[in-house]
Every structure is written in structure tokens, then in C-alpha cells.
Amino acid sequence: MRGPLGAVIGRYPSSDGTTELGGIIKHNRKCRDVAFLVVFIAFWVAMIVNSSFGFNQGNPLRLTYGLDYKGNLCGDKHAHPGLRKLELKYWLNPNQVYQSGVKDSQFKLSNARSICLWDCPIPSDDSLNWVCDYPEGDIRLSMRDWINRNYDYYEFLTPEMRNTSLQLQGPCYPVIFPSVNVYWSCQFIARASNTSLRHWQQMGGVNINEDIVIDKSIHRSINSRSSVLKRYMADIGKSWPVLIVCGGLLPLFLSVIWLLMIRHFVAAMPWITVALFNILIITVTMFYYLKAGWIGNDAISPIIGEHDPYINVFGRELNHLRVVAILMTFVMVVSVLTSIAIIRRILMATSVLKVAAKVIGEVQALIIFPVIPYAILSIFYMFWISAALHLFSSGQVIKNNCNTNCCAYDLVAKKVNCDGCCGYSIHYTPHIAIAIFFHLFGGYWATQFFIACSSTVIAGSVASYYWARGETSPEIPFLPVFASMKRLIRYNLGSVAIGSLVVSFVESIRFILESIRRKLKVSGTTSDGWFGRIGDHTSQGCLKCVEWTIKSVNRNAYIMIAITGKSFFKASEIATELIMNNILRIGKVNVIGDVILFLGKLCVSLSSAVFGFLMLDTYKYRAAHDKISSPLLPVLICWALGYVVATLFFAVVEMSIDTIILSFCQDSEEHQGTAQYAPPLLIETLGDPNETQRLTQ
């Protein structure tokens, strides 16, 4: 049996019936869950070490640009020779490209001879164009002159070099096929130039394969899963201004506006929130339809820069957008129908929001306080995203191990070399995958930790208000928010660390199980019968319920930590017992209030997504140097960041409601079912007319 909390919070009656003033929140506390605080600090040290590895080994440019046959990264000004602004990867030998696409061929495209160019070469209409290797040895040309000559120094070649060039052994290679810039690689179009091919044959060149395989070989490499993942990560780095504006500044502004409107227009806010949510979910869905090409002619294209309009190249990103568009259609329909179904409950939400609005009006520092965790999280996310990009690109550039027979002219050695035809690739070791997963988990844990700290501070401030009957008295600190922050930092950081760890751990387990389920589904090892489908959906539902329950218990535990100063597990026990004893009394009010607040968070995050779409639709991100492969991931991150920012600010209302309701339950238990300190508005909301009349008198 736990004792009454009156000795810890609020005024409480003594044995002789007189009212003693024990202080709103007593300061006779001690540090709790210190071991978990030590674990959290150690984890942060490990995060810093892990990120340092990424910063030391990674190069985010690898996510966008390819490697040439020397292992140099295209666009790298420190390479030898210098490749500054030479960002496009071009395969010199068309027969090698063809051979890599033949079924059961041992030759890989990564071993085909490739160099870095400024733009993709195109065949001439009246002669034969050449693309020559980097100028070295006896070729006395600077890189600038080589570029200005369109990479052609065939006229300077010796007879021996010209003969090896006609054998497709370099140093110059014919431009037979047109090519376009597809994600910074020159993809051949299987439509050979008749004029160029005729000139090549007249010069005695070897046979060149014209099959469509030459098109599909490069296309298959560009659309591999690893290449698509790299492009998605590169999109994050390219769209950082969008993330700052739409994922940071815009949700900050909208969240503050929402809190101010709750304070002054509380009766209309539930209706405005529901209507705005429906408009935004429909708008985001329509944007996905536009980018998927199902509405209008604004579908994303993998081709960068100007090109022949009759050339159509498709990437995996377009298919991903179409899948998301279908998913958003389902979400939109369910959301609209659900919002219609809760219209009758909106009046109840208005009542419970009025209680929170009164608290915000009395403790006005609550509106400003979320700016502090917002600033901390902003700094953390800038470091975390930068470290993530470096970790994803932290593989080692190593030479391939190949057994293919190929020869190329070496300008330095002045002879044909058949020993060094293996290309280079970026090799990712298993420990890099572990480092990435560790980094992702750390980011989620840190996010939950800062949100939990913010919630605990708000709960401590609101508890001071409740147990003083909403009166401005000397017992309430002049700045209750900062007093609550002081208690948190001094006594309860360990408790918050373990609570956020539990949520992060459960979410990680759910993510791993979901990944395993998807892989089993793709491999076809899952049962297609009704029993298998029922088990699949049941397991997903159970995991989701467990996650929701833990988050709910944690939130209430943070409230009791702020009020009582107990450890996390003891506070969870107290909060759960209070809720179970009063579930019928407070359940209907709390649930509908949470629904409206959840819709409010979605309004802010969906607004971030809409503005993200609009910013990414400008020329800079559609056709210029910073062209992104797809708006999917940047928009999703804008939505996620917007939701996190909204959670920080909406916690003012959310935790105010939950803290007052839990305080009401404790107040009722300590006074034989009659709440002594509850404001009349709360009694009215909970539907007890006798109590309302008593408190009014």
C-alpha cells in the first residue's frame, strides 16, 4: 500500500483537522535511477566516438558521384588528375558495357573503363567524335584544354595509339551512342548514330555491339537497391535548406500560433483543427499524385539537365512515389471518415481544452518554455544528420578482384597494359552497418529523452498550479517552469533516461520484426492462407498496442516523477493504479482530448510536408546542380521533424491535461472521493454536477 501524496504535494489536512501548508512541491527529494543516468552518459560518449569514425572515414559526395577507373571520386578536386566540376561518370568502351549486361557474363560493369566528364558526349551528325582518356605522358595538354577540346586529342596520337584506339583499347574511344545524364552517370541510349558508325567502320574499327543490352546494363546498375539508397541519403544533404525551413522554423512558428489560439479561441480550435487536418491530408496526397505522374505532367525524372523529350528513363524512385501515393490515398480516406465520426465528441474536447487553456493563461511561461528543448534538439539534429551522412558514406575504396581479360593503352608506360583492367568499388564492412544502426537508435533515444525532459518540466509546473487551487500565492514559485527544470536536472534525469530507453527499445524491436516480416513476405516463405494473414495482422496489431501502452504509461510516469520525485518504476506503478481506479471517470475525456491534440500535431507536420513539396519543386532541386532524385525522403523528414517540434510545444497542452487529471484522481483518493483542490471547470468537464455546485458555492 502506498501512502497519501499530500505530504509531498499541496496543502493537506493534519490529524486535528486544521489545514497545514506543506508547500506545493516539497524539496525533500533524492537522486533516482542514477545507474541509468550513467548508462545514458556512456551511450553519449559512444555516440560521439561512433560519429567521429564517420567524420574521419566518410565522404558524403560518394553518395552522389561515381568512381573512375583509377579509383578517384568524380568531382574531387584533390584527385590526380584534378576532377573539380567533372562530376559525370562515363564508360569509354561500349563493348565492355555490352558485355557486362549479357546474361551469365563474368564481366562486371564496375570493371569497365570509366572516366569523369563535365557533360555527356553525343555523336556528331557529320563526322566521328572521340572521347580520350585523361591527358598524361606524351599528351601535353592540361585538364582545362582537354575539357575545352571536348575530351578529344585523337589528332595528337601516334600511329600506334590510333591503331589501339581502333581496337577499343584506347587511349581514345569513339562516341557511337548518345548518352544522357541519369543521376550523374552517362547512360547510353541504344540508338547508335548511323553516321558515326559508318565513319568508324570505314576507319577499320572493330565490331561494336548495338543491342539494347547496352542500355539496360547501365540502367540496371543505376537502379540497384544500394544506388537508390545512396541517392536517397544524398537527397537529405542537398535539401538541407528545406529541412531547416520546413522541418525547423515553420513548425516552430505554427506550434506557437496554435498554442496562442488555444489560449484565446479555445472553443473554435477543435473544429479548426479537424477541418485543417482534412484539407492538409488531401493536399499532401495530391502532391504525391502529381510527382507520381498520375495527375498532370510533373512526374519526377531521373534525367538531369536538358535532353531529348523523346528519351524516357524510369527509376525506382518513381515506383516508390506511386506506392506512397496509394498508401496516402488509403490514409486520407480513413482519416476523413474518422474525423466525421468524432464530430459529436468535439464538444467534450472543447471542455477539456478549456482546462488546459486556463492553466496556460495562469502559468504563461509554459508557452515559451518549449523553445529551450527545441533549441537543444535543433543543434543535436544538425550534428546527428551530418554524422549519419558521413557514416552512410564511410566505406573504403578498394580495387576489385576480377579475372577478366581486357587491355587498355597506358599513356605513362607508353604501351598496352592488360594487367590493370579491374575497376574500383566502395566496400562496406559489416561493422559499418552496426555503426549506422547504433547511430539511428541513438538519435531516436535522444529525441525521446529530450521530449521526456520537456514533459516532466511541464508536469511539475502544472502540478504547482493545481495544488494551489489555481491561486497566485507565495507557495507557487515566481517562475514554476524554471523551478521544475531545477528539480529535474538535480534529481530525476536518470528516471527520464530509463523511460525514454524503454520506448526506444520497444520501437527498435518493432522495427526489426517488421523488417523480418517484409523480407519473409518478399521471399515467399510466409503463408498465403487466411490463417497466415490473420497471424500477420494480429502480430502487427499487438506490437502497435504494446508500443502505445508503454508510451502512455511513460507519459503518466513522468507526471508522477515531477510531482513525487519517485523513481521511474515506482512512479509508473502509482500512475497506473490511479488511472485504473478512475478509468471510467476520466477515460472518455482524456481519449478525445488526445485525439484532437494528435490531429493538431499532424496539422503542423503536414503543413511542413506541403511547404517541403513547394520548396523542392523549384528549379534548384528539379534541374540544377542540386537536383534531388525524389522528394520522398526530404518531405518525410520534414514531416518527422515537424511532428517532433509540434510534440514539444503541444506537450504544454497535453501534459497540462494529463497532470491535472492525475492530480484530480489523487486529490479524490486522499479526500474520500471528493477533490478538494480541483477547479470548477475540471469538475464540470468530468461530469459531476454535485461537485460543480459545491465548488461554485
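One-based numbering along the sequence shown.
The side-chain contact (heavy atoms from CB on, under 4.5 Å) check on Leu641 picks up Tyr381, Ile637, with sequence neighbours excluded. The salt bridge (charged side-chain N to carboxylate O under 4.0 Å, His left out) check on Glu160 picks up nothing, with sequence neighbours excluded. Gln201 meets the side chain to side chain donor-acceptor pair (under 3.5 Å) test with no other residue; sequence neighbours excluded. For His390, the ring pair (Phe, Tyr, Trp, His ring centres under 6.0 Å) partners at least two apart in sequence or on another chain are Phe55. Contacts of Ser425 classified as side chain to side chain donor-acceptor pair (under 3.5 Å), with partners at least two apart in sequence or in another chain: Asn400. Every side chain to side chain donor-acceptor pair (under 3.5 Å) that Trp445 has, sequence neighbours left out, goes to Ser500. Residues passing the side chain to side chain donor-acceptor pair (under 3.5 Å) test with Asp152: none are found, sequence neighbours excluded. The side-chain contact (heavy atoms from CB on, under 4.5 Å) search around Asn93 returns Asn95, Gln96, Leu168, Tyr173, not counting sequence neighbours.
Asn150 contributes atom CG, which lies 10.0 Å from atom CG of Leu117 (distance to the nearest 0.5 angstrom). Here the NZ-SG distance, from Lys85 to Cys116, works out to 15.5 Å after rounding to the nearest 0.5 Å. Here the straight-line distance linking atom CG of Leu157 with atom CH2 of Trp130 works out to 8.0 Å at 0.5 Å rounding. Tyr619 OH to Asp626 CG: the interatomic distance, rounded to the nearest 0.5 Å, is 11.0 Å. Between the OG atom in Ser394 and the CD1 atom in Ile432 there is a gap of 4.0 Å [rounded to 0.5 Å]. Taking CZ of Arg220 as the reference point, atom CG of Leu109 lies at 9.5 Å (rounded to 0.5 Å).
Residue pairs that meet the salt bridge (charged side-chain N to carboxylate O under 4.0 Å, His left out) test with at least one member in residues 117-130, sequence neighbours left out, do not exist here. For residues 227-248, the side-chain hydrogen bond (donor to acceptor under 3.5 Å, both in side chains) pairs, not counting sequence neighbours, are Ser224-Ser227, Arg231-Glu317, Tyr232-His320, Asp235-Ser629. Within the structure, side-chain hydrogen bond (donor to acceptor under 3.5 Å, both in side chains) pairs that include any residue of residues 42-63 do not occur (at least two apart or interchain).
Surrounding CZ of Arg162 are more than 12 heavy atoms belonging to other residues, nucleotides or ligands, all under 6.0 Å away. Heavy atoms from other residues, nucleotides or ligands lying under 6.0 Å from NZ of Lys70 number more than 12. Enclosure of atom CD1 in Ile122 is not indicated, since only 12 or fewer non-hydrogen atoms of other residues, nucleotides or ligands lie within 6.0 angstrom. Atom CD of Gln396 has 12 or fewer heavy atoms from other residues, nucleotides or ligands within 6.0 Å.
Residues Leu290 and Met286 form no side-chain contact, since every pair of their non-hydrogen atoms from C-beta on lies 4.5 Å or further apart. Residues Asp133 and Tyr69 form a side-chain contact, since some pair of their non-hydrogen atoms from C-beta on lies under 4.5 Å apart. Contact check for Phe156 versus Arg140: no side-chain heavy atoms found under the 4.5 Å cut-off. Leu86 places a side-chain heavy atom less than 4.5 Å from the side chain of Ile147. Contact check for Tyr151 versus Cys132: no side-chain heavy atoms found under the 4.5 Å cut-off. Side-chain contact between Ile244 and Ser378 is absent, with no heavy atoms from C-beta onward closer than 4.5 Å. Residues Leu88 and Cys120 have side chains in contact (heavy-atom distance under 4.5 Å, counting atoms from C-beta outward). Side-chain contact between Leu67 and Val397 is present, with at least one heavy-atom pair separated by less than 4.5 Å.
What you find for Pro171 and Thr164 is that their closest heavy atoms are CD-OG1, 4.2 Å. Annotation for Met233 and Leu389: closest pair O-CD2, 3.2 Å, computed over non-hydrogen atoms. For the residue pair Leu83 and Cys74, the shortest heavy atom distance occurs at CD1-CA, 4.4 Å. In this structure, Leu321 and Pro631 approach most closely via the heavy-atom pair CD1-CD, 4.2 Å. Annotation for Cys186 and Tyr90: closest pair CB-CD1, 3.6 Å, computed over non-hydrogen atoms.
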Go through the steps for Thr329 and Tyr289 under the test side-chain hydrogen bond (donor to acceptor under 3.5 Å, both in side chains), then give the verdict. CA-CA 9 Å; Thr329 303; Tyr289 271 76; 2.6 Å; yes
Please assess Val131 against Cys172 for the test side-chain contact (heavy atoms from CB on, under 4.5 Å), listing each intermediate value before the final yes or no. CA-CA 6 Å; Val131 173; Cys172 293; over 6 Å; no
Please test Gln169 against Cys407 for side-chain contact (heavy atoms from CB on, under 4.5 Å), starting from the C-alpha separation and ending with a verdict. CA-CA 6 Å; Gln169 294 179 349; Cys407 300; 4.0 Å; yes
Test Ser226 against Tyr428 for side-chain contact (heavy atoms from CB on, under 4.5 Å), laying out the working first. CA-CA 11 Å; Ser226 60; Tyr428 294 92; over 6 Å; no
Report the C-alpha distance between Ser605 and Trp639 in whole Å, list the side-chain angles of each, state the deciding distance to 0.1 Å, and finish with yes or no for side-chain hydrogen bond (donor to acceptor under 3.5 Å, both in side chains). CA-CA 5 Å; Ser605 57; Trp639 177 87; 3.1 Å; yes
side-chain contact (heavy atoms from CB on, under 4.5 Å) between Ile176 and Trp200: does it pass, once the steps are laid out? CA-CA 8 Å; Ile176 303 296; Trp200 172 256; 4.1 Å; yes
Derivation and outcome, salt bridge (Lys or Arg N to Asp or Glu O under 4.0 Å), residues Asp410 and Lys415: CA-CA 6 Å; Asp410 190 333; Lys415 65 176 183 178; over 6 Å; no
Take His439 and Phe53 through the ring pair (Phe, Tyr, Trp, His ring centres under 6.0 Å) test and state the conclusion after the steps. CA-CA 11 Å; His439 190 73; Phe53 165 79; over 10 Å; no
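Between the side chains of Thr64 and Trp184, no donor-acceptor pair is found at a separation under 3.5 Å.
Salt-bridge annotation for Lys89 and Asp68: absent, with no side-chain N of the basic residue lying under 4.0 Å from a carboxylate O of the acidic one. Salt bridge status for Glu155 with Arg149: present, with a side-chain N to carboxylate O gap under 4.0 Å.
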Identify every side-chain donor-acceptor pair in residues 608-617 under 3.5 Å, counting partners at least two apart or on other chains, and give the distances.
{"residue": "Ser608", "atom": "OG", "partner": "Cys246", "partner atom": "O", "Å": "2.9"}
{"residue": "Ser608", "atom": "OG", "partner": "Val604", "partner atom": "O", "Å": "3.2"}
{"residue": "Asp617", "atom": "OD1", "partner": "Lys291", "partner atom": "NZ", "Å": "2.4"}

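Within the 3.5 Å criterion, the main-chain N or O of Ser504 finds a donor-acceptor partner in the side chain of Ser508.
In this structure, Tyr444 has its ring center no closer than 6.0 Å to that of Phe449.
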